[in-house]
Amino acid sequence: MPIKFPFKKDKKQPTTEPLGLEENHIPKHVAIIMDGNGRWAKNRGMPRIAGHKEGMGVVKRIVRYASDIGVKVLTLYAFSTENWKRPKNEVDFLMKLPVDFLSTYLPELIERNVQVRTIGDFDVLPEHTQKAVKEAMEKTKDNDGLILNFALNYGSRYEMVHAVKQIASKVQDGEVDISDIDESMFSKELYTSELIEPDLLIRTSGEQRLSNFLLWQLAYAEFWFTEVYWPDFDESHFEKALYDFQNRKRRFGGV
Ligand code: IPE
Ligand code: IPE
Ligand code: MG
């Protein structure tokens with residue numbers, strides 16, 4: 001049975017007819033590279049951080065939509081291990097965003113039964129960022145609705161090197177035999193060990209690359225790209241991505 005969700009439109013949004021999604025074929029795990037905030041702002045003669053601020057509002061809407069249609073895990077790339085290269089004021093702003101986001105939105109996440117998680121090297125984040133995110137994780141840890149997974153200071157290569165070191169040290173300690181190392185053991189050493197693999201990867205802003213995001217976990221994900229900058233992304237784009245996903249044939253190497 002196709003399901004149609006009327007989009008909650010704000011004044012910026014034109015009315016869009018829902019495409020109709022197959023209720024029993026919603027991707028379980030959707031990962032998004034939210035890109036294009038800086039260019040969105042630049043096109044409007046605004047500082048890059050204005051794009052990040054606008055992008056935060058989009059996160060709220062997309063989380064609502066994902067939780068409404070029954071996505072199980074939504075992983076959002078918020079800050080990469082390479083993003084530290086950016087000007088200090090921009091990095092500072094990006095580190096403050098989770099604080100702002102959660103200070104206004106945590107009650108709704110709780111009400112929606114959303115569980116907040118993170119992947120990435122968390123311990124080196126600024127104190128205020130860690131505090132806000134830890135509080136959200138603590139307050140939502142027993143929720144069993146949508147898992148909202150923020151990739152914060154995340155880099156896939158770092159993650160994999162870390163996993164290799166963990167396994168190597170277990171071998172050294174005699175806990176693991178080299179012949180026992182397999183894909184499943186490796187996966188268990190990744191930040192994503194408790195999550196299912198993404199079914200669908202979305203990247204906005206026209207770039208078609210992974211930028212060090214979930215290199216292992218996306219092995220069999222479907223990719224969906226759009227020219228739209230993240231601050232302009234809305235429910236109708238998300239629905240189109242899901243609709244296209246539903247019309248793809250995944251073979252996983254079979255026939
Ligand atoms: C994505 O937008 C947000 C982050 C990387 C934190 P960008 O800031 O990369 O925007 P562009 O790609 O420069 O337009
Ligand atoms: C990827 O976007 C990181 C995030 C969206 C958080 P970037 O804008 O940093 O990636 P590149 O530099 O275009 O590859
Ligand atoms: Mg970018």
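In this chain, residues are counted from 1 in sequence order. Both ligands and their constituent atoms are indexed starting at 1 by order of listing. These figures come from a predicted structure and were not determined experimentally.
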- prompt: Salt bridge check: are Glu183 and Lys188 linked by an N-O gap of less than 4.0 Å?
  reply: no
- prompt: Salt-bridged, Glu135 to Lys139, with N to O below 4.0 Å?
  reply: yes
field: Whether Asp35 has an N, O or S atom under 2.8 Å from the Mg ion (ligand 3)
entry: yes
task: May I ask you to check if Arg86 and Trp84 form a cation-pi contact, with NZ or CZ under 6.0 angstrom from the six-membered ring centre and within 45° of the axis?
output: no
field: For Ser156, the option from Asn212, Leu190, Val161 that meets side chain to side chain contact (heavy atoms under 4.5 Å, CB included)
entry: Asn212
query: Do Arg117 and Gln115 get their side chains close enough for a donor-acceptor pair, meaning under 3.5 Å?
result: yes
field: Shortest non-hydrogen contact from Asn37 toward Gly55
entry: OD1-CA, 4.4 Å
message: Whether the side chain of Glu239 engages the backbone of Pro18 through a donor-acceptor N/O pair (distance < 3.5 Å, no angle test) should be reported.
response: no
message: For ligand 1, give me the residues whose heavy-atom distance to it is below 4.0 Å, by chain and number please.
response: Met34, Asp35, Gly36, Asn37, Gly38, Arg39, Arg48, His52, Ala78, Asn83, Arg86, Glu90, Leu94
Arg209 neighbourhood, listing ligand 2 atoms whose heavy-atom distance to it stays under 4.0 Å: 11 (P), 13 (O), 14 (O)
